[in-house]
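First comes the structure, then the notes that go with it.
Below, all heavy atoms of this structure are taken into account, side chains as well, without hydrogens, waters or symmetry copies. Naming: A, B, ... by sequence-line order, numbering from 1 per chain.
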Number of protein chains: 2
Amino acid sequence: MPAAAKPDMKERILQTADRLFYLKGIRAIGVDTIAAEIGISKRTLYNHFPSKDELISAYLKRRFVVAKPSEKSPLSQILGYFDALERRFSAKDFRGCPFVNAVAELGPEDRAVKKIAIAFKESRRVWFRDLLAQLGVADAEGLATQLVLLVDGSIAQDLVRDDPAMARAAKAAAKVLLKNAGVDVGEIGGAAEAP
Amino acid sequence: MPAAAKPDMKERILQTADRLFYLKGIRAIGVDTIAAEIGISKRTLYNHFPSKDELISAYLKRRFVVAKPSEKSPLSQILGYFDALERRFSAKDFRGCPFVNAVAELGPEDRAVKKIAIAFKESRRVWFRDLLAQLGVADAEGLATQLVLLVDGSIAQDLVRDDPAMARAAKAAAKVLLKNAGVDVGEIGGAAEAP
DNA sequence: GGGCATGTACACAGATCTGTTTACTTTTTG
DNA sequence: CAAAAAGTAAACAGATCTGTGTACATGCCC
């Protein structure tokens, strides 16, 4: 039918690539599949991205969203992160961390992918660290690292087991670590948690 | 050259497949590559494994080693697990958890792979749980889950960042969780650890 | 000696993947 | 209007992948 005047073709390509790469795997999806899914020709796709590698990088960079400043208290931001994790685990289209998956899939030789993955992991660690510093935690660096271990551990476990309870377990452990660092987190149950 | 009388051909194939699948990725390695690496013909490989899928399953099953009973105390077994992790992270050929990587690479539709991965994760959780029960921990189930989060989290982080310190951070966090559960773990530093 | 399992070498089928080329059509814009 | 920009359709090149087929060589056991 029509030819041009498609708005945000690049964004539409990226949206589709994101969904397919993330759900099925980067190596499992060919550029033909992405083009066919949108209903465009392969040539059009290659006019927007010079190679699949570029598309992969763009996909990962688009996934790299920075946390916006919040009005909420540092503690509720930290604990809320685990609640958000649990919601994401419960969604049926959750399939682990796209950065970890990409590194696992593409191997350590793909420097471009690894670089983006490292940057993302570091930015999230820094986000935790700054919130912890606001709470007056002495070793904010060390505790931030431990919190991201819980985050990534629950993501890996949920990827394999499809169990959103992993997020609750991570939150419970995070509370223990916070309390141990002198943060008042209120009551701490064994593992359960009152919403 | 010679023809038959190769001892343990199946095991040799598995060893090579293990190394290549794990280091480069399952989808990145073709059966030709494996056969060429050993110096056998592709036909021979297919005589031992009827399909690549079967070879993948055999690779993962072979990675699934059960922990042998130990003479050491439950606590030192638990803490020693994190020390072993750190040693593995320091090896240059470490590239994350083969089960998580396989699920990430092959997608959730590969039931055979997912089944093995779930079984492995569960067996390790049970290993922790039983040791915790021996220590008299009340909620051994919950704490075991939290410990495997730290384990898998440090593995995912090391995969991306190549930083063996992730294992030390996990160990430090584990100590805090153990202490909180009433286990005497001796002195606890901020994040560092005396060997 | 004679099967028979096991291996080699190598070609081949058929699918799929990245990326290009060619020729044509439609829309926007100066 | 006319040129440029953007898209379509479809074939193609060249590589790679899984799996099979064919013909031959070697070693072991009866």
Measure centre to centre between the rings of B:Tyr59 and B:Tyr22, then say whether the value is under 6.0 Å.
-> no
Using heavy atoms and a sub-4.0 Å distance, could you list which residues of residues 24-32 of chain A are near DNA chain D? By number, please.
-> none
Between [X] ([atom1]) and [N] ([atom2]), how many Å, whole number?
{"X": "B:Arg12", "N": "C:dT6", "atom1": "CZ", "atom2": "P", "value": "16 Å"}
{"X": "B:Leu45", "N": "C:dA9", "atom1": "CG", "atom2": "P", "value": "14 Å"}
{"X": "B:Asn47", "N": "C:dT8", "atom1": "CG", "atom2": "P", "value": "10 Å"}
{"X": "A:Asp53", "N": "C:dC17", "atom1": "CG", "atom2": "C1'", "value": "13 Å"}
{"X": "B:Ile56", "N": "D:dC17", "atom1": "CD1", "atom2": "P", "value": "13 Å"}
{"X": "B:Tyr46", "N": "D:dC17", "atom1": "OH", "atom2": "C1'", "value": "8 Å"}
{"X": "A:Lys42", "N": "C:dT22", "atom1": "NZ", "atom2": "P", "value": "16 Å"}
{"X": "A:Arg43", "N": "D:dA11", "atom1": "CZ", "atom2": "C1'", "value": "13 Å"}

Within this structure, what is the [atom1]-[atom2] distance for the pair [X] and [Y], rounded to the nearest 0.5 Å?
{"X": "B:Gln77", "Y": "B:Leu75", "atom1": "CD", "atom2": "CG", "result": "10.0 Å"}
{"X": "A:Leu150", "Y": "A:Tyr81", "atom1": "CG", "atom2": "OH", "result": "12.0 Å"}
{"X": "A:Ile26", "Y": "A:Glu105", "atom1": "CD1", "atom2": "CD", "result": "5.0 Å"}

Kindly indicate whether the side chain of A:Lys52 and the base of C:dG19 share any N or O donor-acceptor pair separated by less than 3.5 Å?
-> no
So among A:Val183, A:Leu79, A:Ile78, which one has a side chain to side chain contact (heavy atoms under 4.5 Å, CB included) with A:Lys175?
-> A:Leu79
Please check the phosphate of C:dG7 (OP1 and OP2 only) for any side-chain N or O of B:Ser41 closer than 4.0 Å.
-> no
Quick one: is C:dT6 close enough that its OP1 or OP2 comes under 4.0 Å of any side-chain N or O from B:His48?
-> no
Inspect the contact between B:Lys114 and A:Asp162 and indicate whether a charged nitrogen and a carboxylate oxygen are less than 4.0 angstrom apart.
-> yes
N-O pairing of A:Asp83 and A:Arg168 below 4.0 Å | no
What's the closest nucleotide to the B:Met9 side chain, out of C:dG7, D:dG7, C:dG19?
-> C:dG7
